[in-house]
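Numbered from 1 within each chain, the chains take letters A, B, ... in sequence-line order.
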Amino acid sequence: MAKVVVDAMAMQRALTRITYEIIEHNKGIDGLVILGIKTRGVYLAQRIASRLKQLENASVPVGELDVTQYRDDIEHDSQDTDPQVTVSKIDFPVTDKKVILVDDVLYTGRTIRAAMSAIMDLGRPKQINLAVLVDRGHRELPIRADFVGKNIPSSQQERIKVSVSEIDGHDSVEIIER
Amino acid sequence: MAQRFLILEDGSIYPGHGFGAGATTTGEIVFNTSMLGYQEIVTNQIYHNQIIVFSQPIVGSIGIAHDAYESILPTAKGMVVRDVTDISKNRQRSLSLDQFLKQHNIPGISGIDTRHLIRQINQTGTIKGSIVDVADDHAFDQLHATVLTSQQVAQVATPRPYPNPNQGYNVVVIDFGLKHGILRQLSKRDCNVTVLPWDASAQDVINLDPDGVLLSTGPGSPLDLPESVLDMIRTIQERIPLFAIGLGHELFALANGSEITKLKLSHHGANHPIRKVITNEIIYAMESQEYVVDPDSVDRDRLITTYLDIIDGSIQGLRHRDYPAFSVQFFPDGAPGPNDSVDLFDEFIEIMGTRE
């Protein structure tokens, strides 16, 4: 049973609101860089960056962050297959920048913890803010988002599925009961 | 139908046939190019003291519907149309346009060459006119002698607060002559609304502890309202999410250091594409404006331009850089349509939601 909780219009609106909140919070876009967490966070990051460009007429650098190696909840004992090798694509320095970290769903907080470790290995940013499309609760670490598209209180039995038109063909957030 | 006349300040006379009330009235002549929504248009209080010319040639064909009023006591001064039809039995068993105008003492005149008239107004700019029984010197003397009030807001806005209870967010609407579409959209989203008079102070608003504040549409010039209204806006925007529409938008711009200019010819219609800057989408909405924000006066350190009219380049939306406060010049409430921007009310709700 899948239930759509955020449709395409609402997703656009959420990203628009987050964009304005980023400008409000940072008093503009000076020194801002955006890092999207693979896979869907990258597309959301690009959409926020394109909105900022429309409004401010200046580009904000966007990077792709792969946090697989930094995760604490994946076992590194697979011998039969090579772990899928994907890498971060960040061609700008993060030191002394204000980083906006973007992900689709905020759940346990472990992905974000891993992402922060990955960023710290690249440099020492001035600050890191977190923007997520969905906050579904059930945190296992002391992490919270600065910009939230939609709070969706969920049970741990449910799955939250985010689709983005760039790879899924349409925009939506669904709750799927397992 | 009795012969009546539309006379203009510049001496022109348009003979036609009277419908609606038989009153003699004087007002500014404005024209609306919308294809539909004559009931919403004639009941909108922004037309206080104005005679509305409809470019749509046939008006009245679906009568008057009980769910399409934009005010209880409309104060438009008249309707000028090419043809009025009289179908009194619409699906909602309400009134005909003719009966409705009689009830509210608003005269109408039909059989007018509205294309010629609109071309003429395009040349002269906004001009005064009267609907009269006899187009003689006396009628013209009366027309020239009539001074229209500049206190439109006080004439049409509620003098006392009133509630529109519901279960959702607590919203204060400041009434500058609001259209019901605004209340309808808030009601659809379960907002618990209190409507305050236009001269409410910031403290009056804060005392109600609202989650959001909406500055309504209204008639006339924002420059005719006292500075105290702008002080109220400046205090509120720092504390409470703010959404401003129409006259409210013009006041929001003034309160944040922008200047307002009067258009030579007021613009009423839904035929201008509007660009939503943040996503580059094109939308349509009912625009009704006599005043616009001067683009050169917008302080870019304080305000972001969010919507632009593609035809005349006018600013159609603003947002504050530092606070969750935003405004649109056009009417997003879809009464009458287009409905392209109704979701601005959802945006308002979601902004209130982030501050819980």
Do the side chains of B:Glu227 and B:Arg234 get close enough for a salt bridge, i.e. N-O under 4.0 angstrom? yes

Structural part of A:Arg17 lying under 4.5 Å from a heavy atom of chain B: side chain

Mind checking the CG-CG spacing from A:Leu44 to A:Asp104? Nearest 0.5 Å is all I need. 6.5 Å

Centroid-centroid distance, B:Phe345 to B:Phe243, less than 6.0 Å: yes

Quick one: do B:Lys179 and B:Asp333 make a salt bridge, cutoff under 4.0 Å? yes

When the ring planes of A:His25 and A:Phe147 are compared, do they come out parallel, tilted or perpendicular, using 30° and 60° as the limits? perpendicular

Quick test of your reading of the model: are B:Lys276 and B:Asp340 salt-bridged, counting only N-O distances below 4.0 Å? no

Does any heavy atom of chain A fall under 4.5 Å from the side chain of B:Phe326, the backbone, both, or neither of them? neither

Within residues 307-322 of chain B, which residues come under 4.5 Å of chain A, heavy atom to heavy atom? B:Arg319, B:Arg321, B:Asp322

When you check the gap from the basic side-chain N to the acidic O, do A:Glu166 and A:Arg40 get nearer than 4.0 Å? no

Best-contacting candidate, B:Ile304, B:Asp343, B:Thr306, against chain A by heavy atom pairs under 4.5 angstrom: B:Asp343

Please determine, among A:Gln12, A:Lys27, A:Glu56, the option with the most heavy-atom pairs under 4.5 Å with chain B. A:Glu56

Do A:Ser59 and A:Lys53 come within less than 4.5 Å of each other through their side chains, counting heavy atoms only? yes

